[in-house]
Amino acid sequence: MRRNLRMRMSQLFSRTLRQAPSGAESKGYEYLLRAGYIKQLGAGIFSALPLGFRSLRKIEEIIREEMDAIGGQEMLMPVVNTAELWKETGRYFTIDKELSRFKDRTGRDMVLAMTHEEAVTALAAQEISSYKQLPCMVYHIQTKWRDDPRPRAGLIRVREFTMKDSYTFDEDYEGLAKQYAAHYESYFKIFGRCGLPVIAVGSDSGMMGGKVAHEYMYLSPIGEDTIILCGSCGYTANRQVAVCAKDPGDDEQPQDMREVATPGKVTIEALAEFLDIPAKKTAKALFLMGTFTDDENQEYDQLIVALIRGDLEAEDAKIQKAARANRIRGASDEEIRSCGIEPGYGSPIGASGCLVIADDSVAGSPNLAAGANREGYHLLNTNFGRDYTGTVADIAGARDGSICASCGAPMSSSRGIEVGNIFQLGTRYSESLGCTFQDRQGKQKPVVMGSYGIGLGRLLACIAEEHHDEKGLILPITSAPYQVHLVSLLKDSDVPDLIYHELRRAGIEVLYDDRTESAGVKFTDAELMGIPIHITLGKKNLEKECVEISLRGLEGKELISLPNVVSCITAKMYQLKQEIMNSFDVQPLA
RNA sequence: CGGGGCGUAGCCUAGUGGCUAAGGCGCCUGCUUUGGGAGCAGGAGAUCGGAGGUUCAAGUCCUCUCGCCCCGACCA
């Protein structure tokens, strides 16, 4: 990549801010704004200023190198897609307002791509016809638009963003597993080289509609996802899919069901106490409205009754998945009553017109107390299969202290930010868009696909969040906009310019503070901007034919004689890169 | 989409219904200063988010609207 190696700060387009703009909640975001890396244009819409853009390009280059290393071919697909494609895969109908639609001048339906499965699959359908062309992998780095109902947290959750997305095409699932594993490892290298510690966690495939999926999480209190971790065996998963061990149900014969008066006992705690039974002898019912798509691609709503044993908590994402709903929301009392259910005393027994999802804990536990669908009454000894039926699934939410299903140790929870994800898509898109190939036997088969994303801006935001102190950013040399920040405190001297040009000739990227500002202003700005290597030129040291070199974020300064500046800086750069390369491990693929 | 908050100069803020909208930072000019957010002097920059209304008088009160932030719903 051709990159301008130098910049005089007197010419720099952006400027630093002394005060944090209101609304900068996190330090990382505040410093990116104050240092002049980014600027907000609207809700969830940002410009990258020259400094931020350079950092993004550094990140891009790392991604390109790692994608190329596992056989990726870079390309570019359009942001605007014809709606036709999205109708064919159904996502035009199942995705709500997050997908922006518009018409072109002739009235054709168009969409702004949120991701590029449709575009790439349609392309592959034309390009791939034989098993001889497989496996293959393409990627691009492109703008996405998702009209998120609530952008927030600076660059963490935005509407317009740049994403690297790659797609793999294979003959079979074995091939997919290989490319998936290659991405799995490659992502650790990418985040590691960017200086961002991440963990890979099992995840929900959400709107992507795949099977196996992992998310790469940067653990941070400002994260919006909840991660469940087992410190003992290493199990990690997004809470949306995390599994936990559940107490087995009592081993007893089903008893006769009977109604008891339970006035005012509308919570599990109150009910269990009133009936003098443990919470695990109750079935808790949750009522949600699910939105579904019918065969004609029309949306309709249906009440979902989700049942979970009283000692456990339900996870909405699991309910949505088990119900195969496009989305779910809490149901109103009227909606609940319309299915013959009494809020507060509700159960699927006697209800009609609703979809019942029972957690396996409920299905496997006999004689649970449940609502009687009559105000003030509950039923004792309800039994799944005998008294009501429905879909059985794991809909329990793991939480802090839940027991690990693999090793039995208590698990903990942590907040995380998803900086990347990998999905085994399978044939969902290839089937709906007719992306097939002829195998060795001459048979037409759908291509088996994978999809893999990394949000660049979010990655930069996480790097800033991870690498700062009370004075500003301390960026890793691999993603800093420049490698060296040259601060001259001299006037009427041509030495600073000479050093500046010498560094440039050596291929070093230098931000040169040539302004006529006071020393304090320059030091403060340099600290804020977070470029890793600082060179300071002062009068006293210059009299000794020396300059001062320091590393941002570390105590200590070195005096280096003028002829040794370039070699010393080169060595420092090498050392900093090595430190980053040695600081990360690849977590084994479970 | 529900709840809350905020819109006054590039940034941060002040401003009982009452005279020409105030201050700090930043910016411009000149002089001085140059190893930790300098000093002095002068200066530019605001239709107080927008529209309507109440009033003798609106930055301030009312209505509508637009925008942004936060909590929730939502979300690869």
On a whole-Å scale, what distance lies between the C1' atoms belonging to B/rG43 and B/rC62?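 It works out to 40 Å between them.
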Say we look at B/rG18 and B/rA58: how far apart would their C1' atoms be, to the nearest angstrom?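 It works out to 10 Å between them.
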Residues that [X] engages under side-chain contact (heavy atoms from CB on, under 4.5 Å), provided they are two or more places apart:
X	answer
A/Leu56	A/Ala48, A/Leu456, A/Leu460
A/Glu185	A/Lys189, A/Val586
A/Ala314	A/Leu286, A/Ile308, A/Ile319

Grab the CG-C1' distance between A/Leu32 and B/rC11 for me, whole Å please. 17 Å
For A/Asp148 and B/rC70, what is the distance between atoms CG and P respectively, to the nearest whole Å? 12 Å
Residue list, salt bridge (Lys or Arg N to Asp or Glu O under 4.0 Å) with A/Lys318, at least two apart or on another chain: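 Counting only residues at least two positions away or on another chain, A/Lys318 forms a salt bridge (Lys or Arg N to Asp or Glu O under 4.0 Å) with A/Asp394.
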Residue [X], side-chain heavy atoms: nucleotide from [options] that is nearest:
X	options	value
A/Pro149	B/rC68, B/rC11, B/rC74	B/rC74
A/Gln40	B/rC70, B/rU13, B/rC69	B/rC69
A/Arg150	B/rA73, B/rC12, B/rG26	B/rA73

Any N or O donor-acceptor pair under 3.5 Å from the base of B/rC74 to the side chain of A/Arg157? yes
OP1, OP2 of B/rC12 versus side-chain N and O of A/Ser22: anything below 4.0 Å?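 Indeed, a polar side-chain atom of A/Ser22 lies that close.
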Using a cut-off of less than 4.0 Å, is there contact between a side-chain N or O of A/Gln240 and OP1 or OP2 of B/rC75? no
Validation row, ring centre A/Phe523 to ring centre A/His534 under 6.0 Å: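 Distance test on ring centres: not under 6.0 Å, no.
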Taking protein heavy atoms under 4.0 Å as touching, what does nucleotides 32-39 of chain B look like 5' to 3' if B marks base contact, S marks sugar-phosphate-only contact and - marks none? --BBBBS-
My validator wants the stems of RNA chain B: runs of 3 or more consecutive Watson-Crick or G-U pairs, both distances under 3.5 Å, written as range with range.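 Counting only runs of 3 or more consecutive pairs, the stems involving RNA chain B are B:1-7 with B:66-72, B:10-13 with B:22-25, B:27-32 with B:38-43, B:49-53 with B:61-65.
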